[in-house]
Protein chains: 2
Amino acid sequence: MGSFINRCNFISPLSEQICSELQFLLKTKVIKKGELISKQNQTNMSLYYVESGLVKHFYYRNNRPLILQFFKENSFFLILDSFLSNKPSEFMTTAIETTRVSYLEYQNIEKLASKYHQFETLYRKIMSRATLGTYNRFKDIFEHDATSRYDKFLVKNPELMQRISLGDLAAYLGISQVSLSRIRAK
Amino acid sequence: MGSFINRCNFISPLSEQICSELQFLLKTKVIKKGELISKQNQTNMSLYYVESGLVKHFYYRNNRPLILQFFKENSFFLILDSFLSNKPSEFMTTAIETTRVSYLEYQNIEKLASKYHQFETLYRKIMSRATLGTYNRFKDIFEHDATSRYDKFLVKNPELMQRISLGDLAAYLGISQVSLSRIRAK
DNA sequence: AAATTGTTTTTACAAATGTTAAAAAAACTT
DNA sequence: AAGTTTTTTTAACATTTGTAAAAACAATTT
């Protein structure tokens, strides 16, 4: 069984029946390094799971890139603004490394959720996690200065440090690359 | 019929049957200016509606108050971190003005949601709105400097300017009160 | 190896924000 | 009204972050 389904089961148990139906509805896609998974102004309501690789969810503001979130292997992600409002997204998602994703399209999420109570519970939990993720991201930016944001990132994601460029890390921390370089110099 | 229910109907239509059952389950509370609606470390899973008044949702970090959000009359709010994780909240909620709230306790939300599909839809929409609110709050902090955050607040919430102290506004914008005073001086 | 391109660091200066303390203004109490 | 308390502004200085340009370093191509 694929790790999308394993991960689902870990979050909230699903019957054999649901698993096999889910397996049938899941699609897979490989995105080469540098290519887009989801474009700006695209209405994207799929639930993605990173089987392998690394993606960034980002946009531009005043010609500077700002990264909302990184998603590495074994993570769910979705284009939250589009998903919740059923509108085109302001953001884009691109592969930092060549990435394999499994994904479930919205109509199939709805289908499974209305058919199976267990799936609806899973769905709700995944949405809660996404919301709490946004909440934590907000708090991090709101209450800490750049230096402590950097220090925290280092402790929490040591393995990502080898996989992310400093430019991307600066765009995630919300500071200029020069400023990040200065912080590191200490 | 109370404005809690009117507001629900505006967001997503409810049958007469649901409305009267909801009416029956709703509770009301008056919180005097300065008093707490929800304490830190309290597990609070009610859905609140501000009938009249104004509240702030906030916490302290390094002895400085930080305000996550204001909620004025005709707004839903919930203690999102507690609600989604079923754990004690890091935050507290207090009345800036004497406030009347209607609220629906979690077990009753669940009850209505599992009994009525229309209510489940409403519930989902309210949660989506809360999540999008957090998203917008994050973006505001992430991409704009303090001056433009202040300018935007002014345009978007002119009537609140008369009701909120500068200290509270600074705590909302994430800057010191001195810094806010400087911004205003321009 | 040399040339090219991309990434990271350094330098120098400007702008924004924090901190502390004091002054001024406004709101509240007696 | 006078006194008291709270809120807001101002001043002076320190720290953080931004910007632009150059230098150093690393990776890639020819």
Side-chain angles (χ1 to χ4, degrees), chain A residues 32-35 54 56 58-67 70 94-98 137-154 157-186, chain B residues 32-35 54 56 58-67 70 94-98 137-154 157-186:
Chain A
K32 288 203 193 115
K33 180 173 169 172
E35 285 178 358
L54 180 62
K56 63 178 172 185
F58 74 111
Y59 63 120
Y60 287 93
R61 182 67 51 168
N62 306 325
N63 291 320
R64 310 196 81 265
L66 291 173
I67 295 178
F70 298 109
T94 194
I96 292 180
E97 303 168 358
T98 295
R137 186 84 173 94
F138 167 72
K139 271 184 52 195
D140 194 37
I141 290 283
F142 195 44
E143 69 189 34
H144 300 296
D145 66 9
T147 302
S148 38
R149 294 206 296 275
Y150 173 75
D151 290 341
K152 283 183 67 186
F153 189 92
L154 208 77
N157 308 88
E159 80 292 1
L160 283 190
M161 294 304 288
Q162 322 304 323
R163 299 165 71 185
I164 293 172
S165 74
L166 282 201
D168 275 353
L169 183 51
Y172 177 83
L173 297 175
I175 57 178
S176 70
Q177 184 168 323
V178 173
S179 190
L180 175 55
S181 207
R182 253 186 311 234
I183 287 169
R184 282 159 58 89
K186 295 190 270 199
Chain B
K32 287 204 194 115
K33 181 173 171 172
E35 286 179 357
L54 180 61
K56 63 178 173 186
F58 74 111
Y59 63 120
Y60 287 92
R61 181 67 53 164
N62 307 325
N63 291 321
R64 310 194 83 263
L66 290 173
I67 295 178
F70 298 108
T94 193
I96 292 179
E97 302 167 358
T98 295
R137 186 85 172 94
F138 166 72
K139 272 184 52 194
D140 195 37
I141 291 284
F142 195 42
E143 68 188 34
H144 300 297
D145 65 9
T147 302
S148 38
R149 293 205 296 276
Y150 171 75
D151 290 342
K152 284 182 66 185
F153 189 92
L154 208 76
N157 308 89
E159 81 290 3
L160 284 189
M161 295 303 290
Q162 322 304 325
R163 301 165 69 184
I164 293 173
S165 74
L166 282 202
D168 274 353
L169 184 50
Y172 176 83
L173 296 174
I175 57 179
S176 70
Q177 184 168 324
V178 174
S179 190
L180 175 55
S181 207
R182 254 187 310 235
I183 287 169
R184 280 161 59 90
K186 297 192 271 199

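Reckoned from all heavy atoms, side chains included, excluding hydrogens, waters and symmetry mates. Here is the naming used below: chain letters follow the sequence lines, and residue numbers restart at 1 for every chain.
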Open item on the list: Just the rounded figure in Å: distance from C1' of D/dT17 to OH of A/Y150.
Closed with: 17 Å

TODO: May I ask you to verify if any side-chain N or O of B/S176 is less than 4.0 angstrom from the OP1 or OP2 atom of C/dT17?
DONE: no

- [ ] Figure out the CG/P separation between A/N62 and D/dG18, and round it to whole Å.
- [x] 13 Å

Task: Atom pair distance, as rounded to whole Å: NE2 in A/H144 and P in C/dG18 - done: 15 Å

- [ ] Please evaluate the base of D/dG18 for a donor-acceptor partner in the side chain of A/R182 within a cut-off of under 3.5 Å?
- [x] yes

TODO: Answer with base, sugar-phosphate or nothing: what part of the nucleic acid does B/R184 contact at a heavy-atom distance below 4.0 Å?
DONE: sugar-phosphate

Task: C/dT19 phosphate, OP1 or OP2, under 4.0 Å from B/R64 side-chain N/O - done: yes

Open item on the list: Starting the side chain at C-beta, find the nucleotide from C/dG18, C/dT10, D/dT8 nearest to A/V178.
Closed with: C/dT10

Open item on the list: Quick check against the 3.5 Å criterion: does A/D168 have a side-chain atom that pairs as donor or acceptor with the backbone of A/A171?
Closed with: no

Task: Rounded distance in Å - CD (B/E143) to P (D/dG18) - done: 15 Å

- [ ] Mind calculating the distance between CZ (B/R149) and C1' (C/dT17) to the nearest angstrom?
- [x] 11 Å

Task: Distance in angstrom units between A/I164 CD1 and C/dT7 P, rounded - done: 14 Å

Open item on the list: I'd like to check B/Y172 versus B/N157 (side-chain heavy atoms, cut-off strictly below 4.5 Å). Are they in contact?
Closed with: no

TODO: Quick one: label B/S165 by what it contacts on the DNA or RNA (base, sugar-phosphate, nothing), any heavy atom closer than 4.0 Å.
DONE: sugar-phosphate

- [ ] Would you mind reading off the distance between A/I175 atom CD1 and D/dT15 atom C1', rounded to a whole angstrom?
- [x] 15 Å

- [ ] Starting at atom CG of B/L169, determine the distance to atom P of D/dT8, rounded to an integer number of angstrom.
- [x] 10 Å

- [ ] State whether a side-chain donor-acceptor pair under 3.5 Å links B/S148 with B/D145.
- [x] yes

TODO: Give the nucleotide from the list D/dA21, D/dT8, C/dT8 with an atom nearest to the side chain of A/L166.
DONE: C/dT8

- [ ] Could you label the plane-to-plane angle of the A/F142 and A/F138 rings as parallel, tilted or perpendicular, counting under 30° as parallel and over 60° as perpendicular?
- [x] parallel

Open item on the list: By the 4.0 Å heavy-atom rule, please label A/S181 as base, sugar-phosphate, or nothing.
Closed with: base

Task: Which residues share a side chain to side chain contact (heavy atoms under 4.5 Å, CB included) with B/D140, sequence neighbours left out - done: B/H144, B/R149, B/K152

